[in-house]
Amino acid sequence: PVYALAFHVDYWNYLGWKDIYSCKAYSLRQKKYAQKLNSYVYTPQMIIDGKYQFVGSDRSKAHHYIDKALNRKRDLQLSIDVKMNASNGNVNIDYSLDQLPENSVMHFALVERGLERDVKKGENRGRILHHDNVVRVFRTIQLMNKKGSRELPIPEDVDESMASIIVYTQKTDGKIVAAKGQDLL
């Protein structure tokens, strides 16, 4: 499977409307990728497998790099179990790897599909923007054990029937070595 994550950046928020899904941390994340990939920051930017970047509207490159990533042999197996915590409204994620990769982190993302935004001002004034897999919560841990758990908050405005958890392991060089996703409901 392909796990798409839409990190909404905040550096366009001065153009007359604010993207309510944007986050400064996501802008900083994009800048770090630009440094690592010897590139620059722009939108829409697509990064595949932690190492290929290009203009996100280029379908041909997207298909090429997605195919390349999907055909790469993966030696690491990741499994996740996602459960809602009725006592506090958060989501618990248990993860298990068949081996512990060196120099790696584990990323946990809560994403939401089917979002729409009626834009009243700025360059997109009068348009309804449609968004899928918008990252609503994102956490990273240093990977120290093959098994573990993480709890994520669920923002009050998230439609749980349209939300998923995506977990992925990434080497410090940027390479994605394992990924899994599971719907909340």
Side-chain angles (χ1 to χ4, degrees), residues 1-15 17-59 61-70 72 74-76 78 80 91 93 95 97 99-113 115 123 129 131-146 148-155 158 163-181:
V2 174
Y3 300 106
L5 301 174
F7 288 95
H8 286 228
V9 295
D10 70 344
Y11 51 78
W12 295 115
N13 284 347
Y14 71 93
L15 294 176
W17 68 285
K18 181 181 179 196
D19 182 348
I20 60 172
Y21 306 115
S22 68
C23 180
K24 184 169 188 66
Y26 303 159
S27 297
L28 294 172
R29 179 178 173 76
Q30 185 185 28
K31 287 179 186 176
K32 288 179 184 175
Y33 261 115
Q35 290 171 342
K36 186 174 284 197
L37 298 173
N38 197 26
S39 179
Y40 53 94
V41 171
Y42 57 91
T43 58
Q45 184 174 26
M46 188 176 289
I47 299 172
I48 295 181
D49 212 17
K51 58 184 181 178
Y52 308 112
Q53 69 83 29
F54 53 92
V55 175
S57 57
D58 188 331
R59 288 179 186 258
K61 281 189 179 177
H63 287 291
H64 171 76
Y65 288 119
I66 289 170
D67 287 344
K68 189 172 183 168
L70 290 174
R72 182 168 58 84
R74 308 237 183 220
D75 296 325
L76 188 65
L78 168 65
I80 62 171
V91 59
I93 307 147
Y95 67 87
L97 295 160
Q99 56 185 301
L100 184 62
E102 293 181 10
N103 303 317
S104 295
V105 295
M106 181 79 76
H107 299 290
F108 301 84
L110 184 144
V111 300
E112 189 175 11
R113 300 173 300 283
L115 297 171
E123 68 179 339
L129 302 181
H131 307 289
D132 282 310
N133 284 15
V134 175
V135 176
R136 302 298 309 274
V137 178
F138 189 76
R139 302 289 187 271
T140 301
I141 62 169
Q142 188 67 41
L143 200 50
M144 306 296 271
N145 300 300
K146 292 192 304 184
S149 62
R150 181 72 185 189
E151 186 174 77
L152 295 181
I154 300 175
V158 166
S164 300
I165 297 294
I166 298 172
V167 179
Y168 62 103
T169 306
Q170 187 171 25
K171 303 283 269 178
T172 53
D173 68 0
K175 182 177 171 183
I176 308 295
V177 293
K180 280 286 185 201

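It should be emphasised that the depicted structure is a prediction, and the values quoted were computed from it without experimental measurement. One-based numbering along the sequence shown.
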Check for a donor-acceptor pair, side chain of [X] on one end and backbone N or O of [Y] on the other, with a separation under 3.5 Å.
| X | Y | value |
| --- | --- | --- |
| Tyr3 | Gly181 | yes |
| Ser104 | Thr169 | no |
| Asn145 | Gly148 | no |

Assess whether atom [atom1] of [X] is packed by more than 12 heavy atoms of other residues, nucleotides or ligands within 6.0 Å.
| X | atom1 | result |
| --- | --- | --- |
| Trp12 | CH2 | no |
| Lys171 | NZ | yes |
| Lys175 | NZ | no |
| Tyr42 | OH | yes |

Sorted by chain and number, sequence neighbours left out, salt bridge (Lys or Arg N to Asp or Glu O under 4.0 Å) with Asp173 holds for none
- Task: Please list, chain by chain and in numerical order, all residues satisfying salt bridge (Lys or Arg N to Asp or Glu O under 4.0 Å) with Arg74, sequence neighbours excluded.
- Result: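 Partners of Arg74 under the salt bridge (Lys or Arg N to Asp or Glu O under 4.0 Å) test: Asp49.
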- Can you list every pair that meets salt bridge (Lys or Arg N to Asp or Glu O under 4.0 Å) and has a residue in residues 101-110, with sequence neighbours left out?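 Non-adjacent pairs meeting salt bridge (Lys or Arg N to Asp or Glu O under 4.0 Å): zero.
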Check [X] against [Y] and note the closest heavy-atom contact, atom names and distance.
| X | Y | value |
| --- | --- | --- |
| Gln30 | Tyr11 | OE1-OH, 2.7 Å |
| Pro153 | Val137 | O-CG2, 3.4 Å |
| Ile166 | Ala4 | CD1-O, 4.0 Å |
| Pro1 | Leu70 | O-CD2, 4.0 Å |
| Ala109 | Leu5 | CB-CD2, 4.1 Å |
| Ala178 | Leu78 | CB-CB, 3.8 Å |

- Stepwise, does the side-chain contact (heavy atoms from CB on, under 4.5 Å) test hold for Val105 with Leu143? CA-CA 5 Å; Val105 295; Leu143 200 50; 5.7 Å; no
With a 4.5 Å cut-off on side-chain heavy atoms, are [Y] and [X] touching?
| X | Y | value |
| --- | --- | --- |
| Ile93 | Glu151 | no |
| Arg29 | Phe7 | yes |
| Ser39 | Gln45 | yes |
| Arg150 | Met106 | no |

Find the distance between [atom1] ([X]) and [atom2] ([Y]) and round it off to the nearest 0.5 Å.
| X | Y | atom1 | atom2 | value |
| --- | --- | --- | --- | --- |
| Ile20 | Asp10 | CD1 | CG | 14.0 Å |
| Tyr21 | Leu129 | OH | CG | 10.0 Å |
| Lys180 | Ile80 | NZ | CD1 | 8.0 Å |
| Ile154 | Glu112 | CD1 | CD | 10.5 Å |
| Leu97 | Lys146 | CG | NZ | 8.5 Å |

Centroid separation Tyr52 to Phe54 less than 6.0 Å
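No, the ring of Tyr52 stays outside the 6.0 Å limit from the ring of Phe54, centre to centre.
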Quiz item: Parallel, tilted or perpendicular for Phe138 and His107, by the 30°/60° rule?
Solution: parallel
Just do the side-chain contact (heavy atoms from CB on, under 4.5 Å) check on Met46 and Lys61 with the steps written out, would you? CA-CA 10 Å; Met46 188 176 289; Lys61 281 189 179 177; over 6 Å; no
